[in-house]
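Contents: one structure, followed by commentary.
Throughout, a chain's letter reflects where its sequence line sits, starting with A, and its residues are numbered from 1.
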Amino acid sequence: MAEVHVIGQIVGASEFPENDLFCKWEAHFGPAWKRLQGEVSGQTQVDCPASGEMAYFAHPIDLHFATRGLQGWPKLHFEVFHYDWAGRSSLVGYGFAHVPSQPGLHKIDCVTWRPTGSFMDEVSSKFVGGGIQLKRPDLVYELHDRRNVHSTAGGKVHLELSVILRNFDKFGVEC
Amino acid sequence: MSEPAAPDSAGASAEDLHESERLRSAVKTKHDTKKKRLRKRLQETLPATEGDADMQAAQARVSQRLRLSQTDVRDDGGDGAGAGANADGETVADSATAPPTEADSKSTKPPKQKSKMTAKAMRRQKLEEEQRQAEERRRLEAEEAAVSAAATVGGGGLSREDRLTRFDTATVQELRQSKADRTVKLAKLSWDALREKKELTEEEQVGFFANAVWEEDEDSAAAAAAADSGGTDRVDGDTGAAEDGDILVFETEKVYLHRAIVQEEADESQLYFYPSTDAQPPVTLDSPCDPAAEGLYVGRRPRVGEGNILRLQNILTIKADLYEEKKDWIGEDGQLRILPDPLRDVPMRPLIFEEELEDPTQQPPELQREYRSARRWDSPFANLERETPWQLEVDIGSVQFLAHPLFTLEHSAVSRLRQLYAVYAKFEKLNFPAYFRDRVAAIRRELGKLDQEVARQERSQQRNQRVLADCRARIDVFRSELETTRQSRLRAEAEHYSRLIELIEAWREVRTIRQEAGFSVTDIRCDIEETVQSKSQDEQDRRAEVAEWLEERRAAAQTRYERQMEAYAVERRDFETRREEYERVRLRMEQSGLETADFEEQPPVEPQMESLEEFGQQLDRLVRLGEDEHGQVTCLRRQPGEPLVRFRLLENSNVPTPLDQIPAPHRQAEELRRNKMESLFTYCLRIYADDKLVGPTDFVTLSSNFMLHFNRVSLVEVVQPPTKIRLDLVQCQRGRISTQTKVIGHVTLPKPDSQTTRVQVNMSELRFTYKSDDRATAAGDANPAEAAAVFEGVVRARCGWRCDSDGNILAPALKVYDPQLEMYIENPDASRDKPVRLTELKDPNDPWYVRLNYHGYLGEDADAAAKVDLAGYCRFNFFEEEFDFCGREDLEADSRFKAIVMRDRAQLTTEVTKGAPMPPYASMINRKWVEDPKREPDSVVKARVSKLEKMRLNYERKMAHVREQVLDAFNLAKNYRSYDEVIKEASAVFVNIFTLIRSLFSRKRPLKPIREVSSSPTPFTPVTQLNLSINIQNGADFPQPNDKSVLKPFVEATFQGNSLRTATARGTNPDWSASIELPFRPTSAGQKPETISDELVLTVFNDMSYTQTAEGGQQDLSSVIVREKHFLASIAIPFSAIYINEKVKGRLQLRMPEFLMGYGASASEAASADGQQSKKRRHSPALKVFISLQPHLARPTLLQQTFDTAHDSARQWVHNTKQSIAILNEQVKKTRLELQSDPNKAADEFLYNPRAFVVSMEVKEVFVSCYMVKGGMPPPPELFQRGSQGEVTDLELKKAIVARYVSLVPFVSDASAFPGLVDIWNTCEEFLDYQAGDEEEHAVLLANYLTHLTSGGADTQIYLALGNAVPEGATAYVIEMTGNEKFVWNASTGFRYKAQSDRSTLVSIDCLINSDGVYINRKPYEEARALNNPLDGKTHWLHIPKPESATFDCIQQPIDYGTDAVLASEIGNIEYDIELAVRKEIESLRARVPTLWYNGGAKDVRELLKALETYHYDPNNQAIATAKEAHNRMFGSKVIVGYPLQMSYKSTKEILNDVRNTKLHEIGMYVDSKNTVPKVQFSCVVYVHQYPKNVLSIWINLMALKK
């Protein structure tokens, strides 16, 4: 019956081929976990930086979990989208990051990737936008056999998370 | 055994040398380095003892060897470095496996360098093409080698090998002699050793297999050879080698074993199983240990490098003692157990195959990707995911008739033959006898193996009891299986035999018919093949079978007996010990002179071996004669000596006899028949998807053997997957005048699975039968013989989804209807239909996957299943529970977590927690926070009032069912499109020039008011912020306070918990002219406005604000204004009424309590004084309002759906009637537009929806007059009984009573269920049975009652009126016409109005209905004035009389009032529960201040309520007056407010809502610091009055009293 608070923000995203970005995020956790408070998923605003390379979201994350075990430690899953001049959006990266298990403030860079398709897919996405997306995005954070997925590196999503643990020491977990 | 053969071996023959050399040459191994190291150590340890002679000998030997090696190479012909080169056949193989018993292999052991060099030479040889070059080079190298060898000898002394070869120069005879001796000796020795150890232990097996020589590549072969040579040296060499350590010793063992085996190869080939070196060993029945052959699924092993396997095996064998417990490293097939899936300890199907992964379309769904074009989130096409409809392919093969009116005798015989043959052929194809034969053989083989295994186990010293027991158990299982298999085989053979005989009989019949007729009409021929069998052989087989069977039985009996004997022995021993004990005790007792008795216990019965005699005889009879134990022949088989018969039916073999060859008497008839067959009938199949015709096939004529060949694939495009596909076979008979078609059979194709394509389905053969029934005959069919015809046949067809060019199946994912969401959702169980993948990590405890579970699958017998602890085995994550901090329940039950979650969901407000922060520990949480207190009273009521609730539930269930039906029908109808829907014809633009010109010349009047047409409605989106705009104009007829003070009323509007109020006006006819905007938002994003069921409540209060002097009485300094609201009247308007009608405009009749204490007394007194005034008192207060939605929302799309009509036989009439109504509707619309465009008339918008047909509970359209009973329905007579005062006889009063009764039936709206105008009309019986209905049900019942009551009076007519009312919108009322007097009854409230008074809430009339027909209003815009128009069916009304036909009979059933009365005690419970709930509610609403209850005078109040209910029709009744007086006496002086609420039976929640809306609880909320307790007491009395059919009237008297 230990508790975990995750408080922080999605600071922004950088190093993507485009800078006009927004990001969808979702927290995943195992069956032993119970969300007490806070939203487990969301979408940031679109940031079109006038200058600089990084899109800033400053999107708050505030979660409170109760857990009866260590399995299924929460992780955050991101889908970064590019918002183009025509108001359309296309995927530029998938990624996930574990919530740190050590209490304290953590700065996390979540690297991302995106699936690549056939040559024609790439060409068409180059000229008309859009692109290859996963039919089931749980591939990103689940233990699937994904050696058959071809992918390209995307940029990074920057996180700042403060983790507060409670009662773990009661069950012999030092932190 | 130190060097026993060394001298002999010195003179190894050239041949031996040759072989040995080849062996050496093969040495190239990864063990090389190790060997070298070992050898070096040896050389160091061995002292140099040899002299020159030795050196010379060595040189000679070396040179000889070199020569040999060259010839050897030449012989090999560049066969390559393959050590076990197979080119030379057996000899090579023998030598390659290095028999160490051959003397030379040891004696002529070459020095290491040399062997290496020759190997090198070999390789070079292989590389270079020219023999010669190689030779030269070799010679050079040989010289070098000789030099180096000499150097070695000279330098460090002779190596050990060299020492052994010092007798190279011995005589040939000596050598031969010694070799022979040695061979014999060694053979003896090693074979003895092998015999000793014939039962290999597990470790030995490990060693055996791990160091096997049967490796095809040269590495391992060489390794084996090297190991061989090295090991042999040690074993046969001196003991000094022991210091080489464990590894060497181990190698010795290995080699020893190996050698022993090779020696006796011929015998061993039967003893042991040699796993093949091939990657995939060919499965033969001889290989004893092939799990795949045994039916076990071994899966696909992961690819592991050969080297790794060897390494692992080596480790296992080296540390054999360490891994002793793990006996099962090596599988039965002699390979390391490597499982396909490391998660399971047995291999399980299915696996993902490699090719599946490579093909992107075959990839598992989680890996699939798709191209998604970039699109805007707000694009209107964002939701159009799919462009193409689903496509279904119906493949129709052929139809074979089994019975047809044109069948001749021969045809029917052939048809029978054909059917029998089909069965026979199917059986033949399956070939069960052979299958069972094979199975018996296989099981016997396995049994034999198991027997051997058991025997081996029993003999071996370190036997494993568990393995033994397991083997025995398996033997038992196999035996019983064998027995059943044998039985099955007998039965299968007998069945085959009997089929054959039947078939031959049928063929004979055909033949006879043909012979008798002298010609044939069918083209069937039969081919019977007989194979002669030897009788003696058959007899022998039978005997052998019996013998085998008997033998097995005996063996089984023997085992059983042994087991029983074992048990018996134990028991006997127990018994003996007990007896001895007893005897000893007895002896002692006897010695001490005590009375004793004999040991009485009986010894256990010794088991007897069961006799097999009888069984043998039985078996013999069974096998030979097919008799069972009762002497009945049940499974007769082919008798010995009978030939084997194969039967084949040949179609189209010979054309049926031509016409001219048919004998004359038959010719004409036959010709006629053939003509008929060809020309008279054509056939086609109609394909129906869910009863909708989707395509007929072509017309096909009969072929000569009564077959219809369609062979056509029809493509069906569907939007909704059909539940069934029906094929109708249609016969068209071409007559002279017209074509006669009739459906002669239909079959239903199985519904295709959502993921099945057509090619995946096999053609299914579906039978149909058709007998033309009597009706057709009665109708006067031309040919009675044909009319009574029987058609029978088989349709071959299949149906599946289509694949597009990319291989995607054009089928929808399985969807199910979710009644809660009212939409189709993807089936959560759909995944079950898909093949299960192990990688998906399904819960193995799910019984669905039991077939994947090895243990579960095999564990058919309980014992074996019990042994395997399945529950502990099957887990998602191992040790998850073990690592849990606490159980799941603890987490769920933790009150702190619960409180946090509740707080998060805003269920736990700061009011409850009193602003306290969340405590850090669960123990500090207040229990009350996390409990849900509001549920309690409702559940109590629910438990108690089971019967009434049940009725309500029944109704809801029924309505849900109806709703589903309606939706089904609607979905079906979506496929039909009318012409108007597809093509929109815009009328041609007509520019009226005159208006343009006129506007130019007209006078400019900038201030001229222009009627603005309301703006186009906005479509509803969930995010729209909506406002309820309420414009309250004025009110009328509010009660006057008794104390002659001025009434100060105000209106409070409440919607979804939000309230706003107007300012306070003055007087009983106040004028507010206030506008209120109530914002609201749908509760959930997906909610449509039509599903919002909340009500807008308008409540009128009297503002009783007064100034309270606080603390000290300085009025101007610290006075408090206390606002108190005194309830006057209220009305609730459902949101749907506002939404669907777009607005509510007009005068609302408010519901006021029967009396308000302190109000209206003067009026009441006046009424009692003057009878004329009584009517005036019944005027309830009214409120003139205008309510609309801001922004203006579009109306919901109406389900304008036509349903199947109930009047089957009068479809044409129904159609015509609808047409005429539609025409009328158009006309009216036009008129209305004209009226509206005229600003002077400014006619209101109104809904006009004249209907003559309504939808009944069966979802069929019924002519509305059928709901009206001619002469009406009698109301229950109990209604008019008034106890001591006798019966009410006055007609007007009776009407009032009946109206009251009807209005008390609970009102449950079904409007929100069907947005728009689909309204389900229940019959009166259903209405009263379910105790629920809406306006039309009330109105129909009331109209029927009133018709009955007034049927005596001539001039009174009762009509059911459909029209518009305020605030309900489209509704149903009852209209009573008595001469010029016209009244309107609102059946849901029981009120009666004069039709044309301004109080009447009915604003327009669409149609009037009575039992004779329907009058449709042609002039609805005349509002209620239309009633003045004569009902003539011409200018003002369109009369549709009810046709005189049986199908238009009244659908009402007589109502049985007597049954199912709720018990009086239950009524008492209801009273109690409601009172409790109301009190609790008021208390909880006043949580801030204490609530005091005044319980006195309840009896009086109840008395009053009873009187009010009993004499509601007559307010001046004496009983009411008396009760009121008593009530006044009791409370009159101290009452603040007091009023009885009257309602029909509703749910507790609704009752509490009504109570809350009176705001009674807000009275006396002000408490100053001096008086902590308010000076107010409350009183609540509930009275429930029961009417027939469990109609309840609920009275709640609420009072606030001065303390």
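When each of Gly172(A), Pro115(A), Gly117(A), Ser125(A) is checked for heavy-atom pairs under 4.5 Å with chain B, Ser125(A) comes out on top. When Ser124(A), Gly38(A), Gly30(A), Ala2(A) are compared by the number of non-hydrogen pairs under 4.5 Å with chain B, Ser124(A) comes out ahead.
A side-chain contact (heavy atoms from CB on, under 4.5 Å) with Phe22(A) is found for one member of Asp47(A), Thr44(A), Val80(A) and no other, namely Thr44(A). Of the candidates Lys170(A), Arg166(A), Arg68(A), Glu3(A) forms a salt bridge (Lys or Arg N to Asp or Glu O under 4.0 Å) with just one, namely Arg166(A).
If you measure heavy-atom distances from His82(A) to chain B, you find no contacts under 4.5 Å at all. Of the atoms belonging to Asp890(B), heavy atoms from both backbone and side chain fall under 4.5 Å from chain A. Ser118(A) does not touch chain B: none of its heavy atoms, backbone or side chain, sits under 4.5 Å away.
The 12-atom threshold is exceeded at CD of Glu122(A), counting heavy atoms of other residues, nucleotides or ligands nearer than 6.0 Å.
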Check against ring-ring contact (aromatic ring centres under 6.0 Å, His included), Phe96(A) and Tyr141(A)
CA-CA 6 Å; Phe96(A) 90 94; Tyr141(A) 49 88; 7.4 Å; no
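Put simply, the side chain of His59(A) does not reach to within 4.5 Å of the side chain of Gln9(A), judged on heavy atoms.
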